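The block underneath contains the structure these notes are about, expressed in structure tokens.
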Amino acid sequence: MKDYLSLRIGKRFSSFQLHKKTIWFSLLALLIVIAVAIVSLGMGEMKIAPLDVLKVLLGIGSEENALIVEQFRLPRIVIAILVGAALAVAGAIMQGLVRNPLASPDVLGVSGGASVFAVGFLILFETASIKWLPPIAFLGATLTTFLLYALSWKKGVTPLRLVMIGVGIKIAAGAIVTMLIMFSPFLLQNKALLWLTGSIYGVDWNDVFMILPWVIGLILVAGLLARRVNIQQLGDDLATSLGSSLQLDRFFLLMICAALTGTAVSVGGDISFVALLAPHIAKQLIGPSFGGAMTLSAFLGAIIVLLADLIARMAFSPIEVPVGVFTSAIGAPFFIYLLYKNRNR
């Protein structure tokens with residue numbers, strides 16, 4: 001037990017044991033998030049040195065630098081961190097429930113459902129305010145998860161049925177999105193395709209304040225339910241024998257996954273593979289325990305989106321490439337590798 005630190009919240013509410021390796025890896029990942037964020041804040045048409053960025057964040061920088069960093073770049077960096085963390089934790093929950101490293105909200109159709117609602121809104125209600133897009137995407141993710149759960153139900157929901165039904169929903173959602181785009185005007189097609197690719201271009205502090213409480217609150221709730229996810233990973237029979245309310249826990253955790261996915265997708269668009277990559281890397285580093293893997297996954301997801309956004313802004317400047325292009329470029333080969341690695345399972 002020397003390798004573990006104990007953490008208790010209240011006398012009876014909840015307690016945790018954290019492996020020291022988990023703490024060190026999480027602290028290292030947090031430092032990388034901060035470092036990448038500082039570098040990214042200084043990159044753009046007007047370069048700002050990291051030390052000058054730090055001065056701005058500490059409130060002692062020049063007015064010109066403060067305007068650029070605080071008003072134009074910082075909201076985008078915060079959104080990248082929140083979107084990456086939300087997608088990564090949603091992926092960790094999904095992989096824990098399904099007990100499969102190939103599972104993630106985008107693979108199982110949850111992101112696809114959000115995409116259908118969002119693209120439908122952009123095309124069918126072209127004069128409506130774009131501020132309605134986040135709740136529409138959120139609603140799409142939630143309703144898709146309800147549909148996924150309902151279609152998977154047969155005297156309970158099993159991980160295998162969730163995967164099979166989820167893949168079917170993903171394919172159907174993709175077909176619906178394609179049809180919507182095909183029969184829409186050219187200008188709206190570009191708008192919808194940009195959103196589908198995944199982009200955090202043009203976000204502001206209103207977007208940050210809109211999703212911040214949702215992301216933080218849902219991640220905290222997921223952390224408090226870490227034991228239930230760990231029990232789910234033991235298998236249905238053993239989880240039931242340990243007194244777990246298997247189906248109720250599974251439904252509630254799926255709703256948290258949907259809420260996190262919908263929140264992230266509502267602002268960042270359909271950014272692919274973050275929810276697949278981050279949890280898998282975290283588990284490779286520290287093991288399968290959900291509590292530690294979730295925390296590290298959140299930091300890794302933030303790093304992936306931050307780096308993808310930095311490359312998207314700078315690689316082909318002044319042309320800005322959507323973030324989702326680079327996450328897909330990394331994630332697609334990784335997904336093929338996972339399929340190959342798990343081919344005999």
Side-chain angles (χ1 to χ4, degrees), residues 26-89 129-135 137-138 194-195 197-220 260 263-269 271 274 278 298-327:
S26 296
L27 287 175
L28 177 61
L30 176 59
L31 290 175
I32 294 174
V33 169
I34 295 172
V36 175
I38 291 173
V39 171
S40 188
L41 284 169
M43 302 301 289
E45 291 186 11
M46 177 179 174
K47 302 289 193 302
I48 302 175
L51 182 59
D52 291 330
V53 171
L54 282 173
K55 287 181 180 179
V56 170
L57 296 178
L58 293 173
I60 57 175
S62 67
E63 291 186 4
E64 183 181 12
N65 288 344
L67 176 65
I68 294 172
V69 170
E70 294 176 356
Q71 297 302 318
F72 298 111
R73 296 180 184 173
L74 189 55
R76 181 167 180 161
I77 299 304
V78 176
I79 285 291
I81 292 171
L82 292 175
V83 167
L87 289 173
V89 173
S129 172
I130 196 68
K131 294 298 181 182
W132 284 101
L133 183 59
F138 183 93
L194 177 63
W195 188 90
T197 307
S199 175
I200 54 175
Y201 174 79
V203 296
D204 55 28
W205 284 111
N206 290 327
D207 298 305
V208 173
F209 296 138
M210 179 180 65
I211 72 168
L212 179 63
W214 286 98
V215 174
I216 299 299
L218 289 166
I219 289 177
L220 288 175
L260 282 168
T263 301
V265 168
S266 68
V267 173
I271 300 176
V274 177
F299 292 134
L300 292 173
I303 292 170
I304 292 170
V305 178
L306 276 172
L307 287 173
D309 180 58
L310 178 59
I311 297 170
R313 287 192 290 122
M314 302 306 299
F316 303 99
S317 181
I319 299 174
E320 185 167 321
V321 181
V323 174
V325 171
F326 293 98
T327 59

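Remember, predicted model here, so these are calculated numbers, not experimental data.
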With rounding to the nearest 0.5 Å, note down the distance linking [atom1] in [X] to [atom2] in [Y].
X    : Y    : atom1 : atom2 : answer
T263 : L218 : OG1   : CG    : 6.0 Å
M43  : D309 : CE    : CG    : 12.0 Å
I200 : I271 : CD1   : CD1   : 6.5 Å
I81  : I303 : CD1   : CD1   : 10.0 Å
L82  : I219 : CG    : CD1   : 8.0 Å
R73  : Q71  : CZ    : CD    : 13.0 Å

What are the two closest non-hydrogen atoms of [X] and [Y], and how far apart are they?
X    : Y    : value
V33  : A302 : CG2-CB, 4.1 Å
A137 : V265 : CB-CG1, 4.4 Å
A86  : A264 : CB-CB, 4.0 Å
G84  : V305 : CA-CG2, 3.5 Å
L306 : A80  : CD2-CB, 3.8 Å
I77  : S40  : CD1-OG, 3.2 Å

Step by step, would you call N206 with M210 a side chain to side chain contact (heavy atoms under 4.5 Å, CB included)? CA-CA 6 Å; N206 290 327; M210 179 180 65; over 6 Å; no
Side-chain contact test, heavy atoms from C-beta onward, threshold under 4.5 Å: evaluate it for I48 versus V69 and give yes or no. yes
Start with the C-alpha distance between L260 and W214, add both sets of side-chain angles, then the distance that settles side chain to side chain contact (heavy atoms under 4.5 Å, CB included), and finish with yes or no. CA-CA 8 Å; L260 282 168; W214 286 98; over 6 Å; no
Side-chain donor/acceptor of [X] to backbone N/O of [Y], under 3.5 Å:
X    : Y    : value
D204 : D207 : yes
W205 : E70  : yes
R313 : A308 : no

Walk me through it: do V83 and V215 pass the test side chain to side chain contact (heavy atoms under 4.5 Å, CB included)? CA-CA 8 Å; V83 167; V215 174; over 6 Å; no
Apply the test side chain to side chain contact (heavy atoms under 4.5 Å, CB included) to residues V56 and D52: give CA-CA distance (whole Å), side-chain angles for both, the deciding distance (0.1 Å), then the verdict. CA-CA 6 Å; V56 170; D52 291 330; 5.7 Å; no
